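First up is the structure itself, then whatever we jot down about it.
None of these values were measured; they are calculated from a predicted model. Reckoned from all heavy atoms, side chains included, excluding hydrogens, waters and symmetry mates.
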Amino acid sequence: MDERRHRLALRQRLAGAARAGSPEEVAGSLVALHGTDPAAVHLAVGARLADPAKTVGETERALYEDGTLVRMHGMRHTVFVFPTELTAVVHASTGRTVAARERARLLKNMAAAGAPDAAWLAEVEESALAALARRGQATAAELARDEPRLKEQFVYAAGKSYEGVHTVSTQLLRVLGVEGKVVRGRPLGSWTSSQFRWAPAPDHPELDPGEAQAELLRRWLTACGPATEDDLKWWTGWRVTEVRRALTAIGAEAVSLDEGTGYVVSGDTGPVAAPAEPWAALLPALDPTAMGWQQRDWFLAPELRPPLFDRSGNVGPTVWWNGRVVGGWAQRADGEVVWRILDGDGIGRDAQNAIAAEAERLASWVGTARVTPRFRTPLERELSA
C-alpha cells in the first residue's frame, strides 16, 4: 500500500472535497456524525453538500420527518447521528454494556438517597414511554405532566463536594437513551439549539453483539481505513480483545503505516488515485474527520493541537488545505466567518483564495444563525472575540 497516496485520497473524501447530494449520503460516507453539539451536525453536512443552501432543510427532513437519520447514543457513551439502518448495529455493538452500567448506577444512587426502588422506577418508565408514544415527541417537562412521578427528586452524593439534586425525568430519560429506547428529537428552537424533545427510538431487531461489532468495524474501516488497533479501540470504546475479534471476523488485512501496523478491509490494499485538484474545507468543531482517529499526526501537526483543541481533547473548527489541517476558523457576532492559518507550509495565493471561498460559502448558507461551539477552544475564542 502507498500510505501517503491512500491517506491523501482518504482525507479528500472524508473532508468533503467530493461533494455529496444529501445528508444521508454524508452520514453514510462517514458512518456517523458527532451529535453532542446539534449545530455541528448541520455544519458537517453543509461542508460536504453540493448545494449547501439545502443543508438545514434537508438535514431536518432526514432527522425529524423521513427518519432516515437518527440522533442517539453510540460509541464511547457519546451522542452521534447515524443512518437509521445502523440503529440495531450501534445498539448491540456499543450500547448494551454501557446501558446496563448506567441503569445500575441510577438505581444505586436512588437507593443511597432513600428514593423509590427498581419496581417503582419500572412503573414510571412504562408510563413515560406510553406517554411518549402517544405524543410522538415531547420534552421532559411535557412527559412529567402525563406522568407526575417523573418530577420526583433525590439527592446525589450527599455530603460530598459534588452533592446535587437530581430529577427522575432527567436521569431516567438519559438511561433510556443509552438503552436505545428513546432518541433525540426536534430541538425547541432553531437548528443551533441544544434544547430538544425526546422521541421513541425506531424499531430494530436485537442483534448478536459480536456480529454487530464486526459489522460496525467493517463499515468504519471501509470508509475510514487504514487504522491501527489503538485508533479502533479509541473510536469504538471497546476493549482491545473485542477489536481484535471483530478484525478477525471481517478478515481485515494488516498494512504497514508510519505509526505501526494498521488494518483495512479485505481487498483494500491496492493503489489509490491521488486527488486531481488541491482543495480547501472549513470543518466544524467535533467533525468526524478530525476526531476519527486517536493518532492524528498524519493530517494534524502536533504543534497545532493546543490552539485547536480544548483540555478534554475536543477539536474546534478547523481549516483544511489539500488533506491536512492548517488552521482554524470562527464566526463573529456580526455573522462574519473569520479564519487563521497556523501552518503556512505550502499555503500560497491559490490556497488563500480557496479557503476564502469556503468561508464565503459557509457564511452564505448559515445566514443569520449564530454558531458557538459547545466545547470552545483557544483559537476559536480568540477569533470570535
Please report, to 0.1 Å, the donor-acceptor pairs under 3.5 Å made by any side chain of residues 348-360, with sequence neighbours excluded.
unit_1 : atom_1 : unit_2 : atom_2 : d
N353   : ND2    : R349   : O      : 3.4
E358   : OE1    : R19    : NH2    : 3.4
E358   : OE2    : R19    : NH2    : 2.8

Applying side chain to side chain donor-acceptor pair (under 3.5 Å) to S190 and T192, what does each step give before you reach the verdict?
CA-CA 5 Å; S190 73; T192 64; 2.9 Å; yes

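- Between R135 and D146 the shortest side-chain heavy-atom distance falls below 4.5 Å.
- A donor-acceptor contact shorter than 3.5 Å links the side chain of T139 to the backbone of E142.
- Distance alone, capped at 3.5 Å, places no donor-acceptor pair between the D310 side chain and the T377 backbone.
- A donor-acceptor pair is defined here as one N or O able to donate and one able to accept, closer than 3.5 Å; no such pair exists between the side chain of E24 and the backbone of P83.
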Under the criterion ring pair (Phe, Tyr, Trp, His ring centres under 6.0 Å), I'd like the reasoning laid out for W220 against W238: C-alpha separation, chi angles, the key distance, then a yes or no.
CA-CA 14 Å; W220 192 84; W238 304 339; over 10 Å; no

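- Between the side chain of R197 and the main chain of P187, a donor-acceptor pair closer than 3.5 Å is present.
- D343 places no side-chain N or O within donor-acceptor distance of the main-chain N or O of V325, the cut-off being under 3.5 Å.
- The closest side-chain heavy-atom distance from W279 to N322 is below 4.5 Å.
- A salt bridge between E58 and K54 is absent, with no side-chain N of the basic residue lying under 4.0 Å from a carboxylate O of the acidic one.
- When the options R103, R101, R96 are evaluated for a salt bridge (charged side-chain N to carboxylate O under 4.0 Å, His left out) with E179, the one that passes is R103.
- In terms of the side-chain hydrogen bond (donor to acceptor under 3.5 Å, both in side chains) criterion, residue partners of E102 (sequence neighbours excluded) are, by chain and number, R105, R174.
- Listed for the R296 side chain is a donor-acceptor partner under 3.5 Å among the backbone atoms of W293.
- Taking the six-membered ring where the residue is Trp, H34 and F80 present tilted rings, their angle falling between 30° and 60°.
- With Q295 contributing its side chain and D297 its backbone, the two residues share a donor-acceptor pair below 3.5 Å.
- When each of D287, L362, L43 is tested with L282 by the rule side-chain contact (heavy atoms from CB on, under 4.5 Å), just one qualifies, namely L362.
- Looking at residues two or more places apart in sequence or on another chain, you find a salt bridge (charged side-chain N to carboxylate O under 4.0 Å, His left out) between R149 and E123, E147.
- Looking at E242 and K233, their side chains never come closer than 4.5 Å, going by heavy atoms from C-beta outward.
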